Each structure stands twice: as C-alpha cells, then as structure tokens.
Asker: 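First, the structure itself, so that you have it in front of you.
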Amino acid sequence: MAEPPKGDISPESRNEDDAGAAFVLESKGEWWHAGFHLTTAIVGPTILTLPYAFRGLGWGLGFLCLTVMGLVTFYSYFLMSRVLDHCDKSGRRHIRFRELAADVFGSGWMFYFVIFIQTAINTGVGVGAILLAGECLKIMYSNLSPHGSLKLYDFIAMVTVVMIVLSQLPTFHSLRHINLCSLFLSLAYTFLVVGACIHAGTSKNAPSRDYSLEANKSDRAFNAFTSISIIAAIFGNGILPEIQATVAPPATGKMVKGLIMCYAVICVTFYSAAVSGYWVFGNKSNSNILKSLLPDDGPSLAPTWLLGLAVVFVLLQLFAIGLVYSQVAYEIIEKNSADAKQGMFSKRNLIPRIILRTIYMIFCGFMAAMLPFFGDINAVVGALGFIPLDFVLPMLMYNITHKPSNSSLTYWINISIIVVFTGAGIMGAFSSIRILVLDANKFKLFGGDIVD
C-alpha cells in the first residue's frame with residue numbers, strides 16, 4: 001500500500017528509491033507531449049455521450065453547462081499547474097496528486113482520500129474503455145454477421161488480450177506517439193459522426209425530433225443532475241499532476257501550453273458532437289450516438305462505411321485511453337514491487353511488471369464483462385470522482401498555497417466554484433445512483449449488450 005511521503009526527504013533522494021517515479025513517471029517530455037496526454041485523457045469517445053447528456057438539460061441548459069464546465073475545468077487545471085509550480089519553487093516537487101494534496105493540506109488522510117478517488121476513477125475508466133471497445137467490435141461483427149454466435153463478453157476478452165500486450169509499455173512518456181495518434185483519431189471520428197448526423201437529419205428517413213424534457217418535475221431535476229455529472233466526467237481527468245510529472249524540468253509554464261492545445265481540440269469536438277447528435281435525435285439520444293445511428297430495429301441512418309470507419313477510430317483510441325488511465329495503477333505497482341536501483345528492464349523488475357500489469361488488465365476486463373452498463377457508470381464516476389478532484393481540490397489548494405486576499409475576486413471565484421460544484425456533486429451522486437438502481441432490472445451479469 002502506498003504511504004504518504006515523509007516531509008524531510010527531498011524529491012531527488014526519494015526518487016532514487018522510488019521505482020514508480022524513476023520508471024513510470026520519468027520526466028523526459030516536452031509541453032506538446034503533455035498536450036497529447038491531456039487530450040487523450042479528456043477527449044475520448046465519451047464525447048459521443050454528450051447528446052445523451054443534453055436530453056436531460058435541453059438546448060439552453062445543455063449549452064450553458066457544457067460551456068461553464070469547459071471554462072471551470074480549464075481554470076481548475078491552470079490553478080493546479082500553478083500550485084505544482086509553487087511547490088516546485090519551494091523545493092517540494094510533487095509528481096503525484098495524492099502527495100501534492102497531503103503536502104498542501106498537511107494531512108495524511110487527504111493522501112488516502114485522493115488515492116482512493118484516483119484508483120476508483122482510473123479503474124472505472126479502464127473498465128469503461130475495455131467495455132466500449134468490446135461494444136465497438138460487437139457493432140462491426142453484428143453488421144458483418146447478423147446471426148453470429150459471439151457475445152459482448154467474447155469481444156471484451158479480445159480487447160483485454162490486446163490491452164495486456166500494450167500495458168507492457170514501461171513509462172507514461174513512452175505513450176507520447178500513441179497519444180498523438182489518439183489526438184488525430186478523436187478529431188477524425190468526431191468529424192465522421194458529425195457528418196453522419198447531418199446525413200441522418202437531412203435524409204428522407206430522418207427520425208422525428210422531440211426536444212421536450214420530462215413532464216414530471218422531480219424526474220426532470222434528477223435527469224438534469226445526472227447530465228451534469230456526465231458532462232463533469234467527460235471534462236475530468238484527475239491525473240494532471242502525473243501528466244505534469246512527465247515533463248522535463250523546469251515544468252513552469254509548459255503545462256499551460258499543453259492545456260491550450262488540449263482545449264483547442266475540446267472546442268472543436270465537444271460542441272460539434274453534442275449539437276449534431278442532439279439535433280438529430282433529441283430526447284431519444286442514446287448513451288452512445290453511434291448506436292442511435294445504427295439502430296437495432298431498422299436500417300442504418302448513415303452510410304455503413306462511414307459509421308464503420310468511425311467505429312474503428314473509436315476502437316483504436318480506446319486502447320490509448322485505457323493505457324493513460326492505467327498509469328497511476330502501474331506507478332503504485334512499480335513503487336511497491338520494483339527495485340529502482342536495478343534497470344527498468346532487468347529480470348528483477350521485468351517479470352513482476354509483466355505479471356502484475358497482466359493481472360490488473362484481467363481484473364478490468366472481468367469487471368467490464370460482468371457489468372455492461374456504460375452510460376450509468378459514467379455519471380456515477382463523474383459525481384463521486386471527477387467533481388472532487390477537478391472542481392473542488394484545485395481551488396482549495398490554490399487558496400491555501402497562494403493565499404489570495406479574502407476580499408479578492410480570485411478568492412471568491414474559487415469559493416463559489418467549490419460551493420456550487422460540491423452541491424452539484426452531491427445531487428449528481430444521488431441522482432446517478434438512483435438511475436443505477438432503476439436500471440438494475442434491465443441488465444444481467446455478463447449480458448450480451450450494454451444497457452443504456
């Protein structure tokens with residue numbers, strides 16, 4: 001089990017005996033590499049869930065929430081980078097979110113709180129990536145062999161095998177080329193899906209459009225908070241300190257450039273996917289817009305080749321996302337199992353790495369096959385995980401480290417964000433768990449389809 005760092009040990013001496021820092025989080029990257037990592041961590045196939053989030057908010061609130069979440073998360077990640085730079089200049093360079101939080105708050109329990117939330121997020125995203133990749137393979141298989149015998153869990157097993165192989169890439173920095181490809185893949189399938197939605201919306205078989213919300217006020221409120229949780233999960237990453245750790249010192253200012261690159265991609269992809277999907281399907285939007293374009297009970301609403309290419313691009317990017325969100329788990333594993341004084345590829349370190357990473361991926365694959373309800377998991381992860389790490393803690397840490405005046409605008413902006421998003425997180429958690437309970441009778445363990 002990871003333990004809080006001792007305050008009297010310098011980062012340099014600690015890294016000499018810390019294989020997690022020396023191997024997984026080695027600091028060799030440039031700012032654009034950080035941009036690739038950030039984009040992969042945030043801009044993923046979950047953006048295809050945005051029309052589903054809009055159906056609980058409508059046009060006006062949907063646009064407002066998407067814009068506010070974007071502005072707040074950019075601001076939050078900027079503050080987090082400032083806090084990391086502040087600690088670095090004070091001689092306390094932190095490469096892990098949990099150690100940063102423990103140092104700033106001066107509390108060991110905060111270390112364990114962050115490591116618990118991070119582990120839940122990273123494992124949840126890893127499970128979701130494998131599950132959605134399996135669904136992509138199933139979509140292609142169903143179109144090629146409509147009466148085939150293979151089930152969703154068969155494809156999940158195939159994806160898990162590939163992830164086991166890819167998981168042996170030893171460091172976060174070694175993913176930089178994969179994550180560059182991931183950036184282009186996210187742009188490619190977004191443009192393809194937008195084109196497919198425009199085609200579907202203007203064709204003679206265009207679905208009827210209804211943008212009305214639930215008539216019952218309580219259901220409408222619960223759906224709105226669930227949608228907010230989904231959008232929070234889509235914008236969240238929870239691993240910014242670990243990403244900044246991969247940048248070669250001095251890191252000051254480099255993460256801001258990486259953030260600007262990432263949010264340029266976000267502006268292009270998030271709005272286009274949300275608007276085009278909700279415009280076509282309205283309150284009938286599926287939790288994966290590709291399934292709305294490829295309905296089970298009718299013909300494809302866009303050219304099959306176009307949707308097939310989009311599914312392939314989504315599938316390929318999911319491997320990159322699964323790898324990025326596994327790095328915190330791998331770092332914890334290496335910190336506790338590897339010997340930093342021996343080589344990264346020495347037999348002493350290589351054999352445990354292969355075994356332990358394989359076990360971790362098998363666990364994620366098993367959970368994906370057992371619990372196939374992707375949309376609902378997304379909302380719970382957003383409310384319970386991403387909101388505390390990405391919307392609350394960065395503001396608190398900035399106020400503690402930089403000590404803005406109680407009468408300053410920065411101080412009150414930070415306090416307002418903390419209060420609003422703490423409330424939204426609590427309500428979002430309640431409404432998301434409520435929907436999980438309501439959907440419980442729709443799925444079975446190791447089911448053949450993802451439940452919406």
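Here, residue 1 is the first one in the sequence, and each next residue gets the next number. Just so you know, these numbers come straight off a predicted model, no measurement behind them.
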Asker: To the nearest 0.5 angstrom, please state how far the OG atom of S174 sits from the CD atom of Q168.
Answerer: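 The distance works out to 11.0 Å.
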
Asker: Can a donor-acceptor pair be found, under 3.5 Å and without considering hydrogens, that links the side chain of Q327 to the backbone of I243?
Answerer: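 Side chain of Q327 to backbone of I243, a donor-acceptor pair under 3.5 Å: no, none is there.
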
Asker: So do L293 and C197 actually touch side chain to side chain, heavy atoms under 4.5 Å?
Answerer: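 SC-SC contact between C197 and L293 confirmed.
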
Asker: Going by side chain to side chain contact (heavy atoms under 4.5 Å, CB included), V104 matches just one of L393, L396, V83, N399. Which one?
Answerer: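 Passing option: V83.
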
Asker: About how many Å separate CE of M163 and OG of S326, when rounded to the nearest 0.5 Å?
Answerer: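 Separation between the atoms: 5.0 Å.
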
Asker: Short question: side chain of E242, backbone of F97 - any donor-acceptor pair under 3.5 Å?
Answerer: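 Yes: the side chain of E242 pairs with the backbone of F97.
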
Asker: Test your reading of the model: is there a side-chain donor-acceptor pair from Y189 to the backbone of G44, 3.5 Å cut-off?
Answerer: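 Checking the backbone N and O of G44 against the side chain of Y189, a donor-acceptor pair under 3.5 Å is found.
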
Asker: Are the side chain of R353 and the backbone of M344 linked by a donor-acceptor contact shorter than 3.5 Å?
Answerer: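 It does hold such a pair.
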
Asker: Between W32 (side chain only) and G258 (backbone N and O only), is there a donor and an acceptor less than 3.5 Å apart?
Answerer: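 A pair under 3.5 Å: no.
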
Asker: Is it the case that the side chain of N179 and the backbone of H33 share a donor-acceptor pair, with hydrogens and angles ignored and the cut-off at 3.5 Å?
Answerer: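 Here the side-chain-to-backbone pair does not exist.
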
Asker: First locate atom OH of Y325, then atom OG1 of T123, and finally report the distance between them rounded to the nearest 0.5 Å.
Answerer: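 Output value for this atom pair is 12.5 Å.
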
Asker: Is the F391-F421 ring centre distance short of 6.0 angstrom?
Answerer: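 They qualify: ring centres under 6.0 Å apart.
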
Asker: What's the verdict on side-chain contact (heavy atoms from CB on, under 4.5 Å) for D390 and F235, showing C-alpha distance, side-chain angles and the deciding distance?
Answerer: CA-CA 9 Å; D390 295 326; F235 270 107; over 6 Å; no

Asker: Report the relative orientation of the aromatic rings in F113 and W109; use parallel for angles under 30°, tilted for 30 to 60°, perpendicular for over 60°.
Answerer: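 If you compare the ring of F113 with that of W109, the planes turn out perpendicular.
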
Asker: With the threshold set at 4.0 Å, does a side-chain nitrogen-carboxylate oxygen contact exist between E99 and R93?
Answerer: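 Salt bridge: no.
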
Asker: Verify whether one side chain among S292 and Y52 offers a donor that lies under 3.5 Å from an acceptor in the other.
Answerer: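 No - no donor-acceptor pair under 3.5 Å links their side chains.
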
Asker: Does L183 offer a backbone N or O that forms a donor-acceptor pair with the side chain of S186 under 3.5 Å?
Answerer: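 Between the backbone of L183 and the side chain of S186 there is a qualifying donor-acceptor contact (under 3.5 Å).
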
Asker: Are L66 and F54 close enough that some pair of their side-chain heavy atoms sits under 4.5 Å apart?
Answerer: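 Result yes, sub-4.5 Å side-chain heavy-atom pair found.
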
Asker: Any side-chain to backbone donor/acceptor pair from T246 onto G29? Under 3.5 Å, distance only.
Answerer: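 Here the side-chain-to-backbone pair does not exist.
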
Asker: So, T40 versus S182: side-chain donor-acceptor pair below 3.5 Å or not?
Answerer: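 Short answer, yes.
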
Asker: Quick one: does Y278's side chain have a donor or acceptor within less than 3.5 Å of a partner on R55's backbone?
Answerer: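 The answer is no, because no donor-acceptor pair under 3.5 Å joins these two groups.
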
Asker: What's the spacing between T49 OG1 and N286 CG if we round to 0.5 Å?
Answerer: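 The distance works out to 9.0 Å.
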
Asker: Is any side-chain heavy atom of Y263 less than 4.5 Å from a side-chain heavy atom of L38?
Answerer: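 No; the side chains remain at least 4.5 Å from each other.
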
Asker: Please round to the nearest 0.5 Å and tell me the distance separating atom NZ of K291 and atom CD of E135.
Answerer: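 The distance works out to 4.5 Å.
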
Asker: Measuring from atom CD1 of I95 to atom OG of S27, what distance do you get when rounded to the nearest 0.5 angstrom?
Answerer: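 Separation between the atoms: 6.5 Å.
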
Asker: With a 4.5 Å cut-off on side-chain heavy atoms, are F36 and L175 touching?
Answerer: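 No. Closest side-chain heavy atoms not under 4.5 Å.
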
Asker: Between the main-chain N or O of Y77 and the side-chain N or O of S81, is there a donor-acceptor pair closer than 3.5 Å?
Answerer: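 Pair absent, no side-chain N/O of S81 close to backbone of Y77.
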
Asker: Could you check whether any side-chain heavy atom of L48 comes within less than 4.5 Å of a side-chain heavy atom of V314, counting everything from C-beta outward?
Answerer: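 L48 reaches V314 side chain to side chain.
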
Asker: Under 6.0 Å from the ring centre and within 45 degrees of the ring axis: does the NZ or CZ of R357 meet both conditions for the six-membered ring of Y330?
Answerer: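 Cation-pi check for R357 and Y330: passes.
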
